[in-house]
Amino acid sequence: MAIIEINQNFGENTQLLAPFIIVIAIAWVFLVYYSYKKYGARMTLVYFLPIIIATLLIESAGVAGGRYYYPGYIVYLSVVGGAVPLIIVLAWSVNLFLFMSLGKYFISKLYHQKNFPQILLISLAAGIFGVCLDLLEDPIAHHNNWWIWEESLTGFKFFNVPILNFIGWFVLIFFMCIATLLIERSKFSENRKVLLSISSLAFTGLAIFMVHGILVRIFESIGLA
Amino acid sequence: MEKTIVQFILDNIFLFVPLGVAGIIATLVLYFLPKKVTSEASEDLSTDFVTLLKVRVNIYVGVYFFVWLLILIIGLLSDFLIPTIIGGIIASIPLFVLILFECKTSKSKRTRAHGDH
């Protein structure tokens with residue numbers, strides 16, 4: 001099902017792509033290593049593998065649907081018809097682990113009880129932190145052609161980036177964070193947590209699909225998308 | 001014409017439904033299978049700190065700062081000043097909030113410790 005493609009023309013039609021890839025690669029290696037040392041191999045899989053699978057499907061669908069594309073990268077993965085650079089799915093795993101950890105750090109200072117409302121607050125904080133960073137990253141990415149949004153897309157845009165992109169970032173990080181925290185805090189063995197984190201993508205994906213779909217409708221009806 | 005991801009999934013529903021159903025069944029089986037482990041590992045967030053130049057820094061705040069700073073530099077080098085500055089200011093809000101909270105918490109801890117003596 002998955003197809004790996006190698007592009008011979010690295011950096012073609014892009015600007016400053018290599019520094020961007022280096023930043024993401026450094027952050028990814030550091031966070032995976034840190035997670036491995038602190039939580040162990042199985043929990044690192046719980047934190048990093050499901051988001052890699054989820055974003056591979058979502059990003060591939062986004063490219064196959066013709067909304068955006070990624071020129072100039074070296075290694076591409078294609079699962080449902082759209083080619084997604086490997087570094088992009090790794091970047092998503094950095095996003096989830098980083099924003100979830102920042103959310104835990106922030107919310108644990110405000111709300112000490114370890115219960116479901118705390119998980120919701122952490123996920124909310126993680127989603128907001130993610131959108132804040134993306135408001136810097138996405139316009140620069142579009143300007144430098146790291147990924148290109150179709151000009152024909154209508155609706156409200158933030159420096160040529162459709163507002164639905166930011167909604168998508170929030171929804172994805174929010175729901176993936178809830179699922180990851182629920183599994184992390186469950187009383188199952190670590191082996192079962194790894195399996196659950198992958199199989200539960202069906203539930204998380206359904207929630208993301210429905211909420212994002214409803215938000216798209218709402219934004220379309222008020223002319224923002 | 002371009003499609004949203006939701007439209008794309010609806011157009012290819014026969015690909016996504018079997019994946020979803022398999023995932024739901026697997027999750028239910030894994031959830032209801034016996035052999036639960038009762039001990040819940042408690043996470044120690046106080047270990048996520050390093051001392052750099054005599055300053056105590058949270059590792060995740062440090063990584064966020066690293067990504068923020070380098071993307072900001074790349075944006076400035078791309079001759080894309082206004083969006084980079086506006087985006088940079090918005091993306092710095094989490095940093096300010098997190099640093100502010102850390103300062104406030106450590107200050108109140110010091111005050112409490114001082115009060116104890």
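The basis for the numbers below is simple: all heavy atoms, side chains too, and nothing from hydrogens, waters or symmetry mates. A, B, ... follow the sequence lines: proteins, then strands. Residue 1 opens every chain. Every value quoted in this text rests on a predicted model; they were computed, and no experiment measured them.
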Checklist entry - Checking side chain to side chain contact (heavy atoms under 4.5 Å, CB included) for the pair Y105(A)/F49(B): CA distance, chi angles, key distance, verdict? => result CA-CA 11 Å; Y105(A) 169 57; F49(B) 285 88; 3.7 Å; yes

Item to check | Q7(B)/V216(A) under side chain to side chain contact (heavy atoms under 4.5 Å, CB included): CA gap, chis, key distance, verdict | outcome: CA-CA 10 Å; Q7(B) 284 167 339; V216(A) 168; over 6 Å; no

Next on the checklist: Using side chain to side chain contact (heavy atoms under 4.5 Å, CB included), reason through L30(B) and F188(A) one step at a time and then give a plain yes or no.
Outcome noted: CA-CA 9 Å; L30(B) 285 166; F188(A) 295 115; over 6 Å; no

Checklist entry - When you look at V63(B) and Y34(A), which way does the side chain to side chain contact (heavy atoms under 4.5 Å, CB included) test go after all the steps? => result CA-CA 11 Å; V63(B) 173; Y34(A) 184 72; over 6 Å; no

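Closest non-hydrogen pair, Y31(B) versus R192(A), comes out as O-NH1, 4.3 Å. L16(A) and I74(B) get closest at one heavy-atom pair: CD1-O, 3.7 Å.
Here L136(A) contributes atom CG and W68(B) contributes atom CH2; the two are 8.5 Å apart, rounded to the nearest 0.5 Å. Atom CG of residue L57(A) and atom CZ of residue F8(B) lie 10.0 Å apart, to the nearest 0.5 angstrom. Atom CG of residue L28(B) and atom CZ of residue F203(A) lie 4.5 Å apart, to the nearest 0.5 angstrom. Here L72(B) contributes atom CG and I140(A) contributes atom CD1; the two are 6.5 Å apart, rounded to the nearest 0.5 Å. To the nearest 0.5 angstrom, L135(A) atom CG is 12.5 Å from I89(B) atom CD1.
Heavy atoms closer than 4.5 Å to chain B are found in the side chain of L110(A), but not in its backbone. For a residue to count as touching a neighbouring chain, one of its non-hydrogen atoms must lie under 4.5 Å from one of that chain's; by this rule W146(A) touches chain B with the side chain only. Of the atoms belonging to K104(A), heavy atoms from both backbone and side chain fall under 4.5 Å from chain B. In this structure, chain A has no heavy atom under 4.5 Å from any part of I85(B). Looking at D48(B), the atoms closer than 4.5 Å to chain A (heavy atoms on both sides) sit in the backbone and in the side chain alike. For chain A, no part of I25(B) is nearby; none of its heavy atoms comes within less than 4.5 Å. Contact of L31(A) with chain B is made through the side chain alone, with heavy-atom distances under 4.5 Å. For L201(A), no part lies near chain B; criterion is any non-hydrogen pair under 4.5 Å.
Ranked by heavy-atom pairs shorter than 4.5 Å toward chain A, the options L77(B), I59(B), V21(B), I93(B) are led by I59(B). Of all the listed residues (N58(B), D11(B), I9(B)), the one sharing the greatest number of non-hydrogen pairs under 4.5 Å with chain A is N58(B). The candidate from M210(A), Q15(A), K38(A), E137(A) with the greatest count of non-hydrogen atom pairs under 4.5 Å with chain B is K38(A). Comparing A91(B), G88(B), G75(B), S92(B) by how many heavy-atom pairs each has under 4.5 Å with chain A, the most go to A91(B). The most heavy-atom pairs under 4.5 Å with chain B, out of F106(A), Y68(A), F99(A), come from F106(A). For chain B, the option among F158(A), Y39(A), F20(A) with the highest count of heavy-atom pairs below 4.5 Å is Y39(A). For the options S200(A), G213(A), S101(A), heavy-atom pairs under 4.5 Å to chain B are most numerous at S101(A). Comparing G168(A), A64(A), G205(A), S108(A) by how many heavy-atom pairs each has under 4.5 Å with chain B, the most go to A64(A). By number of non-hydrogen pairs under 4.5 angstrom with chain B, the leading residue of I22(A), L196(A), V94(A) is L196(A). When each of P83(B), A26(B), A22(B), G20(B) is scored by its heavy-atom pairs under 4.5 Å with chain A, the top score falls to P83(B).
Residue-environment remark: CG (D79(B)) stays at or below the threshold of 12 foreign heavy atoms within 6.0 Å. Applying the 6.0 Å contact sphere to OH of Y36(A) captures no more than 12 heavy atoms from other residues, nucleotides or ligands. For Y33(A), the OH atom counts as loosely surrounded, since its 6.0 Å shell holds 12 or fewer non-hydrogen atoms of other residues, nucleotides or ligands. Atom CD1 of I13(B) is surrounded by more than 12 heavy atoms from other residues, nucleotides or ligands within 6.0 Å.
Screening F129(A), F30(A), F97(A) against Y60(B) for a ring-ring contact (aromatic ring centres under 6.0 Å, His included) leaves a single residue, F97(A).
At distances below 3.5 Å, at least one donor-acceptor pair connects side-chain atoms of H143(A) with backbone N or O atoms of S78(B).
At least one side-chain heavy atom of L10(B) sits less than 4.5 Å from a side-chain heavy atom of F209(A). The side-chain heavy atoms of N12(B) and V80(A), taken from C-beta on, include no pair separated by under 4.5 Å.
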